[in-house]
There are 2 protein chains.
Amino acid sequence: MADLSVKKYIYSFGGGRAEGTGAQKNLLGGKGANLAEMAGHPDLKLPVPPGFTLTTELCTYYYDNLHSYPDSLQEELSAALQKLETLAGKRLGDSANPLLLSIRSGARKSMPGMMDTVLNIGLNDETVAGLARVTNNPRFAWDAYRRLIMMFADVVMEKAKGLPPAAGKGVRRLMEEQLTALKASKNLISDTELSVEDLQQLVHTFKDIIQTHFGQVFPQDPHTQLWEGISAVFMSWNGKRAKEYRRIEQIPEHWGTAVNVQTMVFGNLDDNSATGVAFTRNPGNGEDAFYGEYLINAQGEDVVAGIRTPAPLNEYSKNDQSRHLPSLENTMPELYRELHTYRDRLERHFRDMQDIEFTIEAGTLYMLQCRVGKRNGAAAIRMAMDMFDSGWIDADTALLRVAPQQLVELLLPMLDPEAEKSASLVGKGLPAGPGGAVGKIVFCSEDALEWAKKGEPVILVREDTSPEDVDGMHVAQGILTSKGGMTSHAALVARGWGRCCIVGCNTLDIDEERKTLKANGKVWKEGDIISMNGSKGLVFDGAVPLVRSSVKDNQHYHQLMRMTDQTRTLQVRANAETPGDARQAREFGAEGIGLFRTEHMFYGEGSEIPLHLMRQMILSEGHAAKQEALDTLFGFVKKDIKDTLQVMDGLPVTIRLLDPPLHEFVPHDEEKLAALAKELGISLQLLRKRVLALHENNPMLGHRGVRLGISYPEITQMQLRAIFEASAELLREGLRPHPEIMVPVTCTPAELEHQQAILEQVYAAVLQESGLDAIPYHYGTMIETPRAALQAGEMARVAEFFSFGTNDLTQMTFGFSRDDIGGFLPTYLEKGILSQDPFQTLDQRGVGELILLAASRARAKRPDIMLGICGEHGGDPDSVGFCHRAGLDYVSCSPFRIPIARLAAAHAAIASRKTAE
Amino acid sequence: MADLSVKKYIYSFGGGRAEGTGAQKNLLGGKGANLAEMAGHPDLKLPVPPGFTLTTELCTYYYDNLHSYPDSLQEELSAALQKLETLAGKRLGDSANPLLLSIRSGARKSMPGMMDTVLNIGLNDETVAGLARVTNNPRFAWDAYRRLIMMFADVVMEKAKGLPPAAGKGVRRLMEEQLTALKASKNLISDTELSVEDLQQLVHTFKDIIQTHFGQVFPQDPHTQLWEGISAVFMSWNGKRAKEYRRIEQIPEHWGTAVNVQTMVFGNLDDNSATGVAFTRNPGNGEDAFYGEYLINAQGEDVVAGIRTPAPLNEYSKNDQSRHLPSLENTMPELYRELHTYRDRLERHFRDMQDIEFTIEAGTLYMLQCRVGKRNGAAAIRMAMDMFDSGWIDADTALLRVAPQQLVELLLPMLDPEAEKSASLVGKGLPAGPGGAVGKIVFCSEDALEWAKKGEPVILVREDTSPEDVDGMHVAQGILTSKGGMTSHAALVARGWGRCCIVGCNTLDIDEERKTLKANGKVWKEGDIISMNGSKGLVFDGAVPLVRSSVKDNQHYHQLMRMTDQTRTLQVRANAETPGDARQAREFGAEGIGLFRTEHMFYGEGSEIPLHLMRQMILSEGHAAKQEALDTLFGFVKKDIKDTLQVMDGLPVTIRLLDPPLHEFVPHDEEKLAALAKELGISLQLLRKRVLALHENNPMLGHRGVRLGISYPEITQMQLRAIFEASAELLREGLRPHPEIMVPVTCTPAELEHQQAILEQVYAAVLQESGLDAIPYHYGTMIETPRAALQAGEMARVAEFFSFGTNDLTQMTFGFSRDDIGGFLPTYLEKGILSQDPFQTLDQRGVGELILLAASRARAKRPDIMLGICGEHGGDPDSVGFCHRAGLDYVSCSPFRIPIARLAAAHAAIASRKTAE
């Protein structure tokens, strides 16, 4: 009878049974839970090599107890091992028929390649001979043994024990150099050409290296190998790569990883063996078709590592790189059919696309892993809609299947198709991450980080990527590799992030040392510009213009968006500043404009005349000259507002009164100043003096927003007249303008009252002039100073709406200047002092509390007050979720992010509903 | 029987009775209430000319009802007038023996000269003859008549009715020009030399002016004069001067003013008539002696206006200007004795010093007004202590008798007495406002404002000041007039503000038009520098060095301070940065240092070497050079801290870790940069590049405070080692150092934890090196970002104390850059959008709420957390009051303001006690 007081740390699986289930992901990790599910669930009962899972709780115990295990573990492990040996029909260390084990990590959430693995545990100088005899393949046995020693030396002896890298470069590299040297000396190209004697010599050399560099011997006892291997995998949870990945993916430290010990099966035993990975549906476009790759006579790592170009699973899976290779469907049709039935069983069981790994050992199929498969945005949408249409999943589940961030890919910029036609092709690879990217070539992660820090867009170019590269990949516009396939490290990681990525572009000759890229007889150096079409896998020379992607023809997208709108309660508006923006915003589903910055007309195309008038107003001497400039400016402002109100006919347009400090409008370099002085007809010296007088030490906290409107009531007056006259004209033309007049940077209700007095005067005047009975409008304020948030109750007595300006509110709440955070925020994120950039994702604790407080105070005074946000956060899914929970009426974001906000709002509504239930 | 449903708007007094009492100041205004008290209280029953008061409620009614009165008023006024006529024995409009009335304003709080007055109501073409007959003085009667017409035209017809100023300059000036022209044509100097015919001609001319400019006639009906006069005085509550004064003095708009209608008595009837003002004790030093001035044959206005130099009331009241003039005690000994008994009665009744006005009409003494007399700080203290010692008042009352702000005067800088000896004297006047002042001469209020805006210290030099000058007086360092006495407008206003002021400096020849000041044959122009000793009335040429005043020998001050300390519960610490500051702070009664800025050593005297090392650390290449600079700097930092801890032996010293952004330490002008490049041995170009890299757009929100400590942990480490080593050495020397280590500009507890880890390492190392068991210290943070305040609960898990940095907290809560508010804050104050500069007086609604919230959250997590503030607000009485109510443990302010904070803390404690009762 089991001692109930002892915690169970090990869960066995195999032989059609399992102690765990797929639901126990937190305890068994994703991989372990799914192995249990595959092995034990009555619907599945797939041929899983027997094994057992050491739980995440054991990992936590291990870290909490100075890297030691509970006393009970020894016995529990023995029992589990015995069960496994019985199922496998082999024993660990049996020199006649040795059992070989794999030890793999498996966290709650997949962290591909970020932790360590040890394979072929159980081999030693004796069992290697037994394996050679049993398999009748001494080359295979000795190759497995030299692989074990290499991995063990690297993962267990060097990394886990924290020894200094052998010879400064690490034991793995040292051993690989020996392998390469041996091949070179014998003039061999492939590892498979090595003879048994070669491999035996390598084993000998490897053991010498261990002795020399670590002063230890490679442990011959298989049980020692097993225990130390398990500890090493637990240790890799806190390895550098894993920690970096967790920081980026925001996976908590305390989750820990499970460890899976499993009978080895060999895809590299002979030519009746193979290994492969597959997706139950196409992860690139979502089509309902089995899609995968395999390699004959190879280990699983060989496929994922992307070193050899894998063959297609079936006709459907063929691509330009693999078209000439024989498919599994053709070479092993029976096994393919068996695999296909497992694929169907898995899909029906999980009702979601699965990513599976399989191995064929001497003609027998084993399922090694299954998990929810990563997919790009387009695929996620299509799968969700298809499964919803077929009744497999309900609407909520379908919506939740698409991460709002995944829509970014669909809405991503892409290379201009017309410009592409005449662009010079550098090479063609696999389209691993969609969208377009243009940037300067860098050849390593460190350079990518350094260049990106300087604001340079970079393309990270590598032979292939490894987990060491994640930081550089994260900051790059695009990732380009010459090796690897659609399931290679680079492809998996890029897909997860929606990053533009092309892999396996094997016509490229990349020299990472010399930092050159050669193709078609041409050479590109670090810093040279290339362009990528990640949706087609095309690389071009130089900068090809980027255009916005169109989702117009994607019916699955439109279906998703319709479902989104049926589910969400939060409205979504756009931050738009031109009639063009406004039009695009409506197309993206905007329900109004939440932020129309009146100052946009002074920047960019067509801004010359208005900007000149603005400067004239600011820098001229005397009231008359200033007023004259303002009067002329009026026409431009009115036209601009009228055009936008017209496009948004019937929907609200929140027009913010002038916000930036006046010095933002004046030039500061000598040449432009001289020209301006001439235009204004004043001396350069005088102009300089006036410009200098506008200088501020902290313009963010300076003379801006409503402070301008109070110092220069004539500016407010001019803008209000433009709004009301434009509205009046549209009303007479039969349209339904809905201007919402928004006062920026307020901190006390008296400011609102001051501007309101001007408004009432102008309104009355325009009403009389127009002969209309009324011009509909609302009057409100941005809440972007902490004081305005605190005073929300008082502000709401005057304001009919609030729009939280979360950019400035974040700046003032933290005391962070957005322009200057480069000096410290990266350090803050790196050291974990902040978990997120508060300008990307709303700080719910600080800024969020002010919003909640302001919302409740405002509603107490004016229950029907309209509340929204218009900072950059309006398009960030987490922040949208917060806004929903905070009970805001709308979020406003850039037109391009509207679909993301709509989906995020739907997710938030579903979550609230579920919480309420 | 009175109709009880009708509100009473008029309260009569006179003849030993009064309907109101002195307690009804809110209803009757200060003047009206005191007239009722003087007239009606059994202890007083002073000879007050009979009259009645129209209440402040009537003023409110008048403004709320489009400048109209309740229907009942007509009847009520008739009744009150009848009562008055009976007491006076004269009737309004009686051509045989006409009653003349004065109409004066009287708000709750005295607003000297800010509202309008109409005198001699009741005179017309007929009654003037009657008055001439009754008084047997036609010149007097016609002079009174021409004065009435002039006042009426100005106050009632032009100002109250809002007519455009007659002839662009105003009717009063127009009439005065006529008067001057007439005197010139007749070669007369004084008004009193005008003949009856001259005055009759003036009356005629004045009436013509009214007809010409206003198209109306001067009303002959005395009742019309009365009604219109009352309305005009009510209107003057919202006149420009009154509004300005209210804004500065923070008197609410809605209080309104009362209006007092009173029988005229004439101090200018003959040479047995006189008028005077007096203080029951000396308002300049608090001595228990009757002190006043009077003028024979003059109206009250003549004394207050400061046009003639008044004579002394008695021997005691004589000064250099009045020594040669006969005292009232000598010229009218009986009346003086009568006045003296009234003085005694008033003092005993009110138990406070009174400011009184009296008039002698043809040998009969009338008391026109009494009110609590304004006094300077020294006088306030002495009177409070004397009255406390004599048992008249209790300790609380004594403490409340001194406004904390009044201590400023005692602690004011004064001219260096040694330097004064050799300074060149410009002139000598009356010492109306104590302390010293040095500044540039300006000749009008507008110039004072303009120069002060530019940051120039100014001395406002005027012949005499008028209520129109209050704005300029407010911004000036000192006020200097050539006319007027100790009770002149300038003197009263300056005394109220504790401003350095010299009046009646009659050897000065001031030309306000040409902007010149002549004295001793020398000429000073606008912008020339002069110095003032306001305590002695001396004006010097050029800048005489200022020194701090000493309160060492003032026993009354010390008594007050002792009482303060027995009453208050709030501790007071000092912001001090040098051992010298610390010593002074202890002298002023500091109970510790609440803010020791470690960066002070890089500024000012003796800073060359540390600053150079700092620059070396910031701008050198490579870790080694930086660390070397830091190691050398360590010695300076340690010495500095040790010296200060030594001075403050036994008291806490809050040491703030480095706060300013690094670019504050590097030079920015080319010359200094070149020199620095040479010193550092790098090229100028490279240095420029490094300096540029440190530039920030909004340094206030930039890389500063703990952000530096996190980016450069070695700086934190160095400072902590300096603190602990200094403490360890002092401990071994037998002293009791109490460093409190304060981390600046935090926004999340993780920052505190990060720095704490460094602290613990350093602490352990120093402890071991020193061989001590413990080094007492506390670890805490400034709360100066809104987020830190919101996160106070979490911060308090790490911090043992908080110090609210209200300067930065105000900046971030409002979004106001303190450096840049010049562009808009004056407008905000002027337009009443903010009632106070939030950097002067803590904004209780916004910033205050954050403090309250942080305090309660912090105490919930750590009940014994020490809470204080260390912004500029720590020395502002209102803000100190807030801190007491907020339950903070201490305030910290500049050494000079410690006594102010101590008294303010005592006031707050008394107020809390009274509220609790």
Side-chain angles (χ1 to χ4, degrees), chain A residues 661-662 693-708 710-711 745-748 750-751 753-754 784-791 794 808-825 827-828 831-835 838 843 845-847 849-850 853, chain B residues 661-662 693-708 710-711 745-748 750-751 753-754 784-791 794 808-825 827-828 831-835 838 843 845-847 849-850 853:
Chain A
L662 296 185
L694 293 172
H695 170 80
E696 293 186 312
N697 287 328
N698 295 288
M700 179 52 54
L701 308 176
H703 196 169
R704 55 179 287 241
V706 70
R707 299 161 200 175
L708 288 175
I710 287 169
S711 297
V745 204
T746 49
C747 64
T748 169
E751 292 166 322
E753 286 159 2
H754 180 276
E784 51 191 330
T785 67
R787 195 174 192 278
L790 294 167
Q791 283 279 290
E794 300 306 307
D808 279 6
L809 194 56
T810 299
Q811 295 199 87
M812 294 177 201
T813 304
F814 276 89
F816 285 176
S817 161
R818 205 178 175 185
D819 294 336
D820 304 313
I821 46 170
F824 57 91
L825 194 63
T827 311
Y828 267 50
K831 296 192 177 174
I833 287 167
L834 290 177
S835 62
D843 162 51
R845 292 202 165 180
V847 179
E849 182 178 1
L850 284 177
L853 184 146
Chain B
L662 296 185
L694 293 173
H695 170 79
E696 293 185 311
N697 287 328
N698 295 289
M700 178 53 54
L701 308 177
H703 197 170
R704 55 180 288 242
V706 70
R707 299 162 201 173
L708 288 175
I710 287 168
S711 298
V745 203
T746 49
C747 64
T748 167
E751 292 165 323
E753 285 158 2
H754 180 276
E784 51 191 329
T785 67
R787 195 175 192 278
L790 294 167
Q791 283 279 289
E794 300 306 308
D808 279 5
L809 195 55
T810 299
Q811 296 200 84
M812 293 177 201
T813 304
F814 277 88
F816 285 176
S817 162
R818 206 178 174 182
D819 294 337
D820 303 312
I821 46 170
F824 57 91
L825 194 63
T827 311
Y828 267 50
K831 297 194 177 175
I833 288 168
L834 290 176
S835 63
D843 162 51
R845 292 202 165 179
V847 179
E849 182 177 0
L850 284 175
L853 183 146

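Letters A, B, ... are given to chains in the order of the sequence lines, protein chains preceding strands, and every chain is numbered from 1.
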- Item | Trace of the salt bridge (Lys or Arg N to Asp or Glu O under 4.0 Å) decision for B:Asp808 with B:Arg704 | CA-CA 12 Å; B:Asp808 279 5; B:Arg704 55 180 288 242; 2.7 Å; yes
- Item | Check: A:Arg818 side chain, A:Gln811 main-chain N or O, donor-acceptor pair, under 3.5 Å | no
- Within the distance-only criterion (no hydrogens, no angle test), does the side chain of B:Asp843 pair as donor or acceptor with the backbone N or O of B:Gly846 below 3.5 angstrom? yes
- Relative to chain A, which of B:Ile710, B:Leu708, B:Thr827, B:Leu853 shows the most heavy atom pairs under 4.5 Å? B:Ile710
- Note on the structure: Scored by heavy-atom pairs under 4.5 Å with chain B, the best of A:Ala750, A:Ser817, A:Ala788 is A:Ser817
- For B:Asn698 and A:Met700, indicate whether the former's side chain and the latter's backbone hold a donor-acceptor pair under 3.5 Å. yes
- With A:Tyr828 via ring pair (Phe, Tyr, Trp, His ring centres under 6.0 Å) - residues at least two apart: A:Phe824
- Message: Does any backbone or side-chain atom of B:Gln791 lie under 4.5 Å from a heavy atom of chain A? Answer side chain, backbone, both or neither.
- Response: side chain
- Region of B:Leu834 in contact with chain A, defined by heavy-atom distances below 4.5 Å: side chain
- Query: Non-hydrogen atoms of chain A under 4.5 Å away: do they reach the side chain of B:His754, the backbone, both or neither?
  - Reply: side chain
- Task: Report yes or no: does B:Thr785 contribute a side-chain atom to a donor-acceptor pair with the main-chain N or O of B:Thr746 at less than 3.5 Å?
- Result: yes
- Message: Does any backbone or side-chain atom of A:Thr813 lie under 4.5 Å from a heavy atom of chain B? Answer side chain, backbone, both or neither.
- Response: both
- Side chain from CB out, backbone as N, CA, C, O: work out which of these in B:Thr748 comes under 4.5 Å of a heavy atom of chain A, or both, or neither. side chain
- Message: Counting only non-hydrogen atoms closer than 4.5 Å, does B:Glu849 touch chain A with its backbone (N, CA, C, O), its side chain (CB onward), both, or neither?
- Response: side chain
